Novice: 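Please see the structure below; I have some questions.
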Amino acid sequence: MEEPYAIEMLGITKRFPGIVANDNITLQVKRGEIHALLGENGAGKSTLMSVLFGLYQAEEGTIRIGGKDVKITNPNVANDLGIGMVHQHFKLVQCFTVLDNIILGVESTKNGFLQKDEAKKKILALSQKYNLKVDPDAKIEDITVGMQQRTEILKMLYRDNDILIFDEPTAVLTPQEIEELMQIMKNLAKEGKSILFISHKLNEIIEVADRCTVLRRGKCIGTVNIRDTNENELSRMMVGRDVELVVAKDKAKPGDVVLDVKDMTVASKLHHNNAVKNVSFQVHAGEIVCIAGIDGNGQTELIYGLTGLEPVKSGSITVCGRDITHATIRDRSKDMCHIPEDRHKHGLVLDYSLEYNLALQSYYKPEFVSGAGFLKKGAIRKYANRLIQEYDVRSGQGPVTIARSMSGGNQQKAIIARELDRNTKLVVAVQPTRGLDVGAIEFIHKQLIKARDAGAAVLLVSLELEEVMNLSDRILVMYEGEIAGELDPKKTNTQELGLYMAGAKRDKEVKA
């Protein structure tokens with residue numbers, strides 16, 4: 001007798017106002033299988049997994065676990081059925097420690113007191129076994145997104161879940177961490193765990209998955225065996241057309257210096273050492289300079305110092321000849337647009353509508369506000385509709401959609417639309433394609449190159465080696481808060497870049 005599927009989702013339909021997120025979708029996952037779920041931003045992948053995890057209730061359809069019909073009314077029921085989920089946007093309590101977040105909801109107590117010592121031992125054993133290095137005593141608000149990701153994975157492993165849902169797990173990880181995660185997933189599958197892996201990254205799906213189900217605009221396009229397909233075929237199934245997987249761009253024509261950073265030092269929130277140590281570099285008009293490095297080597301703090309999110313301890317920042325070292329964030333934004341690393345924390349007001357989020361950088365300008373101080377809602381709506389159309393931002397109710405209800409990729413596209421539309425002299429883009437599908441990545445890359453060719457200076461921070469190599473005109477590698485090397489993407493390769501990122505190679509004198 002054939003073993004029943006570990007998971008069956010049969011004819012699942014889920015509706016939201018103005019949109020059918022899942023339209024009669026069937027998904028079947030075997031025990032010990034890594035099953036990828038692929039689709040464009042807003043195709044319905046996260047919604048389908050949220051139905052399986054009990055966050056949403058489907059209007060139609062049946063869920064079976066191990067051949068038995070189940071009703072998953074909330075995440076606690078899902079956990080009891082052995083289902084765990086790492087969400088695209090982490091579900092962590094910021095002011096709690098890593099340890100507290102992992103044991104939250106399954107705490108051991110004795111005489112009314114929490115028993116944390118045993119939990120800590122189990123967490124450290126799991127982190128060692130699966131190479132998920134974390135500091136159990138660190139607060140979530142003080143650690144990198146990569147470490148938050150590891151915390152989420154350990155939360156599942158701590159609960160001994162057999163069905164593991166990874167929703168865009170590699171979006172915030174470095175190339176080295178991605179390799180480690182792939183190995184972890186393969187090991188978990190060998191142990192008999194069933195893994196659902198949501199990703200936009202075709203190379204990762206080819207690398208790690210056994211089978212792949214493709215969704216497009218809420219409908220199931222089909223399920224394929226990975227060994228029988230390739231990246232081009234998967235991208236065609238996902239987007240419905242051929243996609244340029246390599247960035248096409250002309251040679252850069254650098255002009256005047258737009259950004260001039262001299263001896264900049266930024267303090268660290270995590271320890272007494274400085275996160276950025278006497279960093280100096282320039283970015284010219286008409287070039288894309290990429291800051292590459294393993295997460296946690298000062299890139300985040302460098303961008304915070306540039307954009308005004310953190311104070312600069314020493315040094316100077318000049319944009320277009322104007323000293324902005326101690327300028328306000330709004331004052332800096334006159335010449336600088338910022339696509340932030342954390343779209344929820346610094347990019348959007350999640351409970352505002354899409355149109356108000358698109359107007360956040362411009363609402364105080366005369367075209368959007370009357371002399372009496374009232375917003376011109378018609379002008380904001382018209383502006384929002386133009387950006388939604390130009391940047392293909394998909395949402396259930398158009399400009400009035402609440403930002404929180406949109407898919408992560410479409411939230412990202414909204415930020416990029418708002419920032420790039422301002423045509424500033426300096427573009428600061430941090431992980432701009434994080435969580436985007438191949439079609440959207442192709443579009444965003446073209447927009448950044450278009451900004452460069454129009455004379456903007458583009459400072460890109462990316463953990464994607466492929467993106468770094470394809471998009472950059474110059475690469476600056478950060479290691480332990482300092483610039484360890486300047487590389488020409490045409491004269492280097494990913495191996496050499498990786499050595500600089502790991503600190504194994506270093507230029508004696510860097511002239512950035």
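Values reported hereafter were calculated over all heavy atoms of this structure, with side chains retained and with hydrogens, waters and symmetry mates removed. Fair warning: this is a prediction, and the values are worked out from it, not measured in the lab.
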Novice: Which pairs, with at least one residue in residues 437-472 and sequence neighbours excluded, count as a ring-ring contact (aromatic ring centres under 6.0 Å, His included)?
Specialist: Y391-F443

Novice: Are the side chain of S472 and the backbone N or O of M469 linked by a donor-acceptor pair below 3.5 Å?
Specialist: no

Novice: For V208 and K186, run side-chain contact (heavy atoms from CB on, under 4.5 Å): C-alpha distance rounded to whole Å, both residues' side-chain angles, the deciding distance at 0.1 Å, then the answer.
Specialist: CA-CA 7 Å; V208 80; K186 287 174 183 175; 4.0 Å; yes

Novice: Are any non-hydrogen side-chain atoms of V400 and L354 less than 4.5 angstrom apart?
Specialist: no

Novice: Please check if the number of heavy atoms outside F16 that lie under 6.0 Å from its CZ is greater than 12.
Specialist: yes

Novice: Where the side chain of E168 meets the backbone of F166, is there a donor-acceptor pair that is under 3.5 Å apart?
Specialist: no

Novice: Could you go through the side-chain contact (heavy atoms from CB on, under 4.5 Å) check for I12 and I63 one step at a time?
Specialist: CA-CA 8 Å; I12 299 294; I63 299 174; 4.1 Å; yes

Novice: Could you give me the CA-CA distance, side-chain angles and deciding distance for V289 and V458, then say whether side-chain contact (heavy atoms from CB on, under 4.5 Å) is met?
Specialist: CA-CA 6 Å; V289 173; V458 181; over 6 Å; no

Novice: Going by atom types only, do E33 and S194 share a side-chain donor-acceptor pair under 3.5 Å?
Specialist: no

Novice: I'd like to know if the side chain of N230 reaches the main chain of E233, judged simply by a donor and an acceptor atom lying under 3.5 Å from each other, with no hydrogens or angles considered.
Specialist: yes

Novice: Does a salt bridge link R15 with E60, judged by any charged N lying under 4.0 Å from a carboxylate O?
Specialist: yes

Novice: Do the side chains of D473 and K249 get close enough for a salt bridge, i.e. N-O under 4.0 angstrom?
Specialist: yes

Novice: Regarding T492 and E496, do their side chains bring together a donor and an acceptor under 3.5 Å, going by distance alone?
Specialist: yes

Novice: Roughly how far apart are R422 CZ and H338 NE2, rounded to 0.5 Å?
Specialist: 11.0 Å

Novice: Within a strict 4.5 Å, meaning less than it, do heavy atoms of the R474 and E486 side chains meet?
Specialist: yes

Novice: Measuring from atom CZ of F197 to atom CG of L38, what distance do you get when rounded to the nearest 0.5 angstrom?
Specialist: 10.0 Å

Novice: Do V51 and Q57 pass the side-chain contact (heavy atoms from CB on, under 4.5 Å) test, and can you show the C-alpha distance, the side-chain angles, and the key distance before you say yes or no?
Specialist: CA-CA 6 Å; V51 168; Q57 306 300 306; over 6 Å; no

Novice: Check whether any side-chain N or O of R150 sits under 3.5 Å from a backbone N or O of K133 as a donor-acceptor pair, and report yes or no.
Specialist: yes

Novice: Could you tell me whether the side chain of T433 and the main chain of I441 form a donor-acceptor pair under 3.5 Å?
Specialist: no

Novice: I'd like to check L459 versus F281 (side-chain heavy atoms, cut-off strictly below 4.5 Å). Are they in contact?
Specialist: yes

Novice: Going by the ring-ring contact (aromatic ring centres under 6.0 Å, His included) test, which pairs reach into residues 468-498, not counting sequence neighbours?
Specialist: none

Novice: Check whether any side-chain N or O of K193 sits under 3.5 Å from a backbone N or O of M185 as a donor-acceptor pair, and report yes or no.
Specialist: no

Novice: Would the distance check show the side chain of T229 and the main-chain N or O of I226 forming a donor-acceptor pair, the cut-off being under 3.5 Å?
Specialist: no

Novice: Donor-acceptor pair, distance only, cut-off 3.5 Å: does the side chain of N357 make one with the backbone of V349?
Specialist: yes

Novice: Hey, is K45 close enough to D167 for a salt bridge, meaning N to O under 4.0 Å?
Specialist: no

Novice: Is any side-chain heavy atom of I65 closer than 4.5 Å to one of Y5?
Specialist: no

Novice: So, taking the atom named CG in L234 and the one named CD1 in I221, what distance separates them when rounded to the nearest 0.5 Å?
Specialist: 12.5 Å

Novice: For a quick test of reading the model, state the closest non-hydrogen atom pair linking Q411 to M406 and the distance between them.
Specialist: NE2-O, 3.3 Å

Novice: Which of these passes side-chain contact (heavy atoms from CB on, under 4.5 Å) with L196: L52, I83, T213, L164?
Specialist: L52

Novice: With sequence neighbours excluded, give me every ring-ring contact (aromatic ring centres under 6.0 Å, His included) pair touching residues 203-230.
Specialist: none

Novice: Please test T300 against E341 for side-chain hydrogen bond (donor to acceptor under 3.5 Å, both in side chains), starting from the C-alpha separation and ending with a verdict.
Specialist: CA-CA 8 Å; T300 297; E341 178 181 15; 2.9 Å; yes

Novice: For the NZ atom on K253, are there more than 12 heavy atoms of other groups (residues, nucleotides or ligands in this structure) within a distance under 6.0 Å?
Specialist: no

Novice: Do side-chain atoms of R31 reach the backbone of A189 as a donor and acceptor pair under 3.5 angstrom?
Specialist: no

Novice: Hey, are K129 and E191 close enough for a salt bridge, meaning a charged N less than 4.0 Å from a carboxylate O?
Specialist: yes

Novice: In the structure I gave you, are the side-chain heavy atoms of T151 and V134 within less than 4.5 Å of one another anywhere?
Specialist: yes

Novice: Determine, stepwise, if the pair S462 / E467 fulfils side-chain hydrogen bond (donor to acceptor under 3.5 Å, both in side chains).
Specialist: CA-CA 7 Å; S462 179; E467 183 168 71; 2.7 Å; yes

Novice: Are any side-chain N or O atoms of T26 and backbone N or O atoms of G11, one a donor and one an acceptor, separated by less than 3.5 Å?
Specialist: yes

Novice: Minimum heavy-atom separation for P489 and I475, please, with both atom names.
Specialist: CB-CD1, 4.0 Å

Novice: Evaluate the side-chain proximity of N203 to E231: yes if any heavy-atom separation is below 4.5 Å, no if none is.
Specialist: yes

Novice: Considering non-hydrogen atoms only, spot the tightest contact between V477 and L487 and give its length.
Specialist: CG2-CD1, 4.0 Å

Novice: For S127 versus L154, what's the shortest heavy-atom pair and its separation?
Specialist: N-CD2, 3.8 Å

Novice: Rounded to the nearest 0.5 Å, what separation is found between the CD atom of E419 and the CG atom of L360?
Specialist: 9.0 Å

Novice: Could you tell me if the side chain of L497 sits less than 4.5 Å from the side chain of L465, heavy atoms only?
Specialist: yes

Novice: Are Q28 and H35 close enough that a side-chain donor and a side-chain acceptor fall under 3.5 Å?
Specialist: no

Novice: Are E40 and R216 within salt-bridge range, i.e. N to O under 4.0 Å?
Specialist: no

Novice: For D210, is there an ion pair with R227 - N to carboxylate O distance below 4.0 angstrom?
Specialist: no

Novice: Hey, what do you get for CG (D135) to CE (M147), rounding to the nearest 0.5 Å?
Specialist: 7.0 Å

Novice: If I compare all heavy atoms of K413 with all of D392, which pair ends up nearest, and what's the gap?
Specialist: NZ-O, 2.9 Å

Novice: Could you tell me whether the side chains of S407 and N410 share a donor-acceptor contact shorter than 3.5 Å?
Specialist: yes

Novice: Test Q361 against R418 for side-chain hydrogen bond (donor to acceptor under 3.5 Å, both in side chains), laying out the working first.
Specialist: CA-CA 7 Å; Q361 292 277 33; R418 179 187 70 212; over 6 Å; no

Novice: Within a strict 4.5 Å, meaning less than it, do heavy atoms of the I291 and L302 side chains meet?
Specialist: yes

Novice: Hey, what do you get for CD (E287) to NZ (K251), rounding to the nearest 0.5 Å?
Specialist: 12.5 Å

Novice: When you check the side-chain N and O atoms of T47 and N22, is any donor under 3.5 Å from an acceptor?
Specialist: no

Novice: Minimum heavy-atom separation for L37 to L27, with atom names?
Specialist: CD1-CD1, 4.4 Å

